[in-house]
Amino acid sequence: MALFSQSALRPGVRKREVFGWAMYDFANSGYTTVVITAVFAAYFVGGIAKGEPWATFAWTAALSISYAIVMLSMPAIGAWADLHAAKKRLLAIVTAGCVLGTAALALTPKLGGPYAVALAMGLVIFSNTFYSYGESLTGAFLPELATAEGMGKVSGWGWAFGYIGGMLSLGLCLAYVLSAQAKGLPAAHFVPVAMLITAALYGAAACATFALLPERALPQPAGARQSAWRQLRHTFREARAYSDFMWLLACTVCYQGGVAVAITLAAIYAEQVIGFVPSETMVLIFVLNVAAALGAFGFGYLQDRIGHRRALSGALVAWIAVCVIAASVTTKGGFWWAASIAGLAMGSSQSAGRAMTGVLAPPRQLAEFFGLWTFATRLAGIIGPLSYGAITWMTGGNQRIAILSTAALFVGGLLLLIPIDMRRGRAAALREVSQSEAVPLEAR
């Protein structure tokens, strides 16, 4: 934990608490890496749905349904967690839900026909909903741990640790897949085992979070408690007071839509368009995670030096390049270049976005405002992948047009960054905090 100094942490926060917090990123990254990106996504399209023209759209539709559920419910859940100081309690519940849902995905290859498709979609909706709840709740702990000036470092450290966890999950699954393929076993045999490995590692690693990360928030007085939905409506009514935060949400909807395409469709694109086989795809995603970890860790320090907004702008430019390269290359070697750049851009953009949210969120409403951030990311998760799937279906399976159109989302994100003033936004977030508690933030 010598990767950042104690000055990056808020008074009274110990480095072991940050380690416990980062362990949740380590734990849940295996789910996105193995289930959503590398293994189950491609198996759903090519194995369960038999490569039908509607298969990619069905996959993105399942994810979109889960994101819609989270988008509509997470802000209220976050408000309730703030009122009752229950972030950690809720995090334990949603973790159990995602772990059980992931393990249950092992059942899908045992069925055939439309029943397998329906079960797979249902379990993806269930598990991804709980995963998304956990992502938001763990993000709400960040401003309790780090100072405004150290937010980028701590956020980047957590994301980097998360990608290491994703690589461990994928590495264990890859080892088993290669062993199974050497014995001539089909995907219907090794995919269920990969789901069980992922679920087990998720649950085991998350135990470190619950052991080391305390709930620092205090319940609000009974008189201050009101309906979670009423609290949410109150937040939206006062949105003008947090204009920079609202601009960030709009920016997040755009660029996270593109990131969601990369996360949910990279393996499908690699196998259906470029010609990768499953083991090659898993190696590709493994290397992408290495690049993402380096991007998250390196940009975590860089963004605290050059500013969160400037760092995110650079990451979005890199994402535009990824879309253009991926749409134009025809060889595996060329796609490797696109994937490597995507990894760096993914780690840096994810870290910068979460850190900016922590800086601009009011300290007394952290879970609620991270709920709004989750609202934006899940709306993006609907817009990006669903539009990709629809374009692919309408163009008779032409995913090159779909991936090129994704660049427009990153361009939109760049344009929506322009109005954001980090100093003004931080001042608005701290307006109810006494001068002694306020931490100055230089203009970014």
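These values consider heavy atoms only, across backbone and side chains, with no hydrogens, waters or symmetry-generated copies. Just so you know, these numbers come straight off a predicted model, no measurement behind them.
- In this structure, Gln256 CD and Tyr67 OH are separated by 10.0 Å, a value rounded to the nearest 0.5 Å.
- The main-chain N or O of Asn128 is found under 3.5 Å from a side-chain atom of Tyr31 such that the two form a donor-acceptor pair.
- Inter-residue side-chain proximity for Phe126 and Tyr131 is flagged as unmet; no heavy-atom pair is nearer than 4.5 Å.
- When all heavy atoms of Ala62 and Val124 are compared, the pair lying nearest together is CB-CG1, 4.4 Å.
- Leu316 contributes atom CG, which lies 7.0 Å from atom CZ of Phe410 (distance to the nearest 0.5 angstrom).
- For residues 406-416, no pair satisfies side chain to side chain donor-acceptor pair (under 3.5 Å), with sequence neighbours left out.
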- prompt: For Ile341 and Leu344, what are the C-alpha separation, side-chain angles and deciding distance, and is it a side chain to side chain contact (heavy atoms under 4.5 Å, CB included)?
  reply: CA-CA 5 Å; Ile341 299 172; Leu344 292 171; 5.8 Å; no
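- The backbone N or O of Thr60 lies less than 3.5 Å from a partner atom in the side chain of Ser64, making a donor-acceptor pair.
- With Thr138 contributing its side chain and Gly134 its backbone, the two residues share no donor-acceptor pair below 3.5 Å.
- In plain terms, the two heavy atoms of Ala318 and Ala345 that are nearest each other are CB-CB, 4.0 Å.
- A pairwise comparison of heavy atoms in Ala140 and Lys87 identifies CB-CD, 3.7 Å as the closest pair.
- Heavy-atom neighbours of Lys50 NZ from other residues, nucleotides or ligands within 6.0 Å: at or below the threshold of 12.
- Side-chain atoms of Ser136 do not come within 3.5 Å of backbone N or O of Tyr133 as any donor-acceptor pair.
- A distance of 11.5 Å separates CG of Leu100 from CG of Leu105, quoted to the nearest 0.5 Å.
- Residues Thr95 and Tyr24 have side chains that bring a donor and an acceptor to within less than 3.5 angstrom of each other.
- Not one N or O on the side chain of Ser29 forms a donor-acceptor pair closer than 3.5 Å with the backbone of Phe26.
- Formation of a donor-acceptor pair under 3.5 Å by the Trp21 side chain with backbone atoms of Leu212 is not found in this model.
- Closest non-hydrogen pair, Tyr242 versus Pro362, comes out as CE2-CG, 3.3 Å.
- Here the closest non-hydrogen pair linking Ser405 and Ile391 is OG-CD1, 3.3 Å.
- Interatomic distance, SG of Cys251 versus CD1 of Ile418, reported as 10.0 Å (0.5 Å rounding).
- Contacts of Ile65 classified as side-chain contact (heavy atoms from CB on, under 4.5 Å), with partners at least two apart in sequence or in another chain: Ile69, Ile125.
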task: Take Phe335 and Ile325, measure what side chain to side chain contact (heavy atoms under 4.5 Å, CB included) needs, and give me the verdict at the end.
output: CA-CA 8 Å; Phe335 192 71; Ile325 295 171; over 6 Å; no
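- Taking CG of Leu185 as the reference point, atom OG of Ser179 lies at 8.0 Å (rounded to 0.5 Å).
- Thr392 is not listed as a side-chain neighbour of Asn398, based on a closest heavy-atom distance of 4.5 Å or more.
- Lys88 forms no cation-pi arrangement with Phe210, by the criterion of a distance under 6.0 Å to the ring centre and an angle within 45° of the ring axis.
- At a threshold of 4.5 Å between non-hydrogen side-chain atoms, the residues Leu168 and Leu172 count as touching.
- Taking 4.5 Å as the limit, every side-chain heavy atom of Met167 sits out of range of all side-chain heavy atoms of Thr33.
- You'll find the side chain of Leu414 reaches within 4.5 Å of the side chain of Ile320, heavy atoms only.
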- prompt: Yes or no on side chain to side chain contact (heavy atoms under 4.5 Å, CB included) for Ser169 and Ile197, after CA distance, side-chain angles and deciding distance?
  reply: CA-CA 7 Å; Ser169 293; Ile197 291 172; 5.8 Å; no
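- Residues Val359 and Met422 are in side-chain contact: their nearest non-hydrogen atoms beyond the backbone lie under 4.5 Å apart.
- A 4.5 Å side-chain heavy-atom check between Leu213 and Leu145 finds at least one atom pair inside the cut-off.
- Glu271 contributes no side-chain N or O that, together with a main-chain N or O of Ala42, makes up a donor-acceptor pair within less than 3.5 Å.
- Using a distance-only test at 3.5 Å, with no hydrogens or angles considered, no donor-acceptor pair links the side chain of Ser127 to the main chain of Cys98.
- Atom CH2 of Trp336 sits in a crowded spot, with more than 12 heavy atoms from other residues, nucleotides or ligands closer than 6.0 Å.
- Thr264 and Trp59 are not linked by any side-chain donor-acceptor pair at a separation below 3.5 angstrom, with hydrogens and angles left out of the test.
- Annotation: side-chain contact (heavy atoms from CB on, under 4.5 Å) contacts of Gln181 (sequence neighbours excluded): Val177, Leu178, Phe190, Pro278, Ser279.
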message: Run the side chain to side chain contact (heavy atoms under 4.5 Å, CB included) test on Trp393 and Trp54 for me, step by step, so that the C-alpha distance in whole Å, both residues' side-chain angles and the decisive distance to 0.1 Å come before the verdict.
response: CA-CA 6 Å; Trp393 194 5; Trp54 48 262; 4.3 Å; yes
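- With Arg400 contributing its side chain and Val273 its backbone, the two residues share no donor-acceptor pair below 3.5 Å.
- Met346 has its side chain within reach of Leu288: a pair of non-hydrogen atoms, C-beta onward, lies under 4.5 Å apart.
- Looking at Glu52, its side chain never comes within 3.5 Å of a backbone N or O of Ala49 through a donor-acceptor pair.
- Thr37 approaches Ala266 most closely through the heavy-atom pair CG2-CB, 4.4 Å.
- Between the CZ atom in Phe245 and the CE atom in Met356 there is a gap of 10.5 Å [rounded to 0.5 Å].
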